[in-house]
Amino acid sequence: MIVRDEQIAAMQEAANVAFERKLSKQLAADTAEMQEFVHRAIVRGRRHGIASQSELAEFCALLLRVGGPCSEPGEPKWLRRILTDPKLDGSAKVLQIRTRATEAPVGGPA
């Protein structure tokens, strides 16, 4: 059996969409705004090297905690510093964000 690259890409896209829907349900993202937030968070996490589904799910939950479903400008500055740190892999970034999010008050100073 030969599987073409196009078939693999289509299967991966279907898996990504299914994961996004599942995560939206888990986060009770029943509005279009929240579903869009989950989608943007997943895309953003992947862009910064966060790859596993469990890490992406935690990343979405952490983003929701520190910034809510608003756009990126409302987020603390430390979040961007962690995400763009080239010394950290995806797992380390999630760990750093988790640590920082539990230390900083929600909506507190950057």
Side-chain angles (χ1 to χ4, degrees):
M1 177 183 213
I2 297 173
V3 180
R4 295 187 322 250
D5 290 339
E6 297 84 19
Q7 291 170 309
I8 292 172
M11 288 185 282
Q12 183 62 49
E13 181 60 27
N16 289 342
V17 168
F19 169 66
E20 191 173 312
R21 285 185 186 140
K22 180 180 172 184
L23 184 57
S24 291
K25 274 186 179 179
Q26 289 175 342
L27 294 175
D30 53 359
T31 65
E33 177 188 28
M34 284 297 294
Q35 290 170 358
E36 179 61 23
F37 168 79
V38 169
H39 174 74
R40 285 191 329 262
I42 290 171
V43 169
R44 186 178 183 196
R46 286 187 174 131
R47 187 175 61 233
H48 291 289
I50 301 169
S52 77
Q53 288 187 353
S54 62
E55 289 171 346
L56 285 167
E58 184 173 5
F59 178 67
C60 285
L62 289 167
L63 283 183
L64 190 58
R65 182 179 191 283
V66 299
C70 63
S71 59
E72 293 177 23
E75 296 174 338
K77 293 177 183 176
W78 57 260
L79 180 61
R80 184 148 186 77
R81 285 192 298 266
I82 291 171
L83 288 174
T84 58
D85 187 339
K87 298 176 199 161
L88 300 174
D89 67 6
S91 297
K93 288 176 182 180
V94 171
L95 178 61
Q96 291 275 331
I97 294 167
R98 181 187 326 132
T99 301
R100 188 68 190 260
T102 56
E103 292 172 351
V106 177

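It should be emphasised that the depicted structure is a prediction, and the values quoted were computed from it without experimental measurement.
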Across all chains, not counting sequence neighbours, the side-chain hydrogen bond (donor to acceptor under 3.5 Å, both in side chains) partners of Asp89 are none

If I take atom CZ from residue Arg65 and atom CD from residue Glu58, how far apart are they, to the nearest 0.5 angstrom? 11.5 Å

From Met11 atom CE to Glu6 atom CD, the distance as rounded to the nearest 0.5 Å: 11.0 Å

Using the test side chain to side chain contact (heavy atoms under 4.5 Å, CB included), find all partners of Glu55 that sit at least two apart in sequence or belong to another chain. Ile50, Ser52, Ser91, Val94

Nearest atoms (heavy-atom pairs only) where Ala51 meets Leu56: O-CD1, 3.6 Å

Answer yes or no: is there an ion pair linking Glu75 with Arg44, defined by an N-O contact shorter than 4.0 Å? yes

Heavy-atom distance under 4.5 Å between the side chains of Leu63 and Leu79, does that happen here? yes

Looking at side-chain heavy atoms only, is the closest gap between Asp85 and Arg81 below 4.5 Å? no

Pairs meeting criterion salt bridge (Lys or Arg N to Asp or Glu O under 4.0 Å) with involvement of residues 10-20, two or more places apart: none

What are the two closest heavy atoms between Ile82 and Ile97, and how far apart are they? CG2-CG1, 3.7 Å

Distance, nearest 0.5 Å, that separates CZ of Arg46 from CD1 of Ile42: 6.0 Å

Looking only at atom types and distance, does a side-chain atom of Lys93 sit under 3.5 Å from a main-chain N or O of Leu83, one as donor and one as acceptor? yes

Of all heavy-atom pairs between Leu62 and Ala101, which one has the smallest distance, and what is that distance? CD2-CB, 4.1 Å

Show the nearest heavy-atom pair for residues Leu64 and Phe37, with the distance to one decimal. N-CZ, 3.6 Å

Only residue of Gln96, Arg98, Glu103 satisfying side-chain contact (heavy atoms from CB on, under 4.5 Å) with Arg100 is Glu103

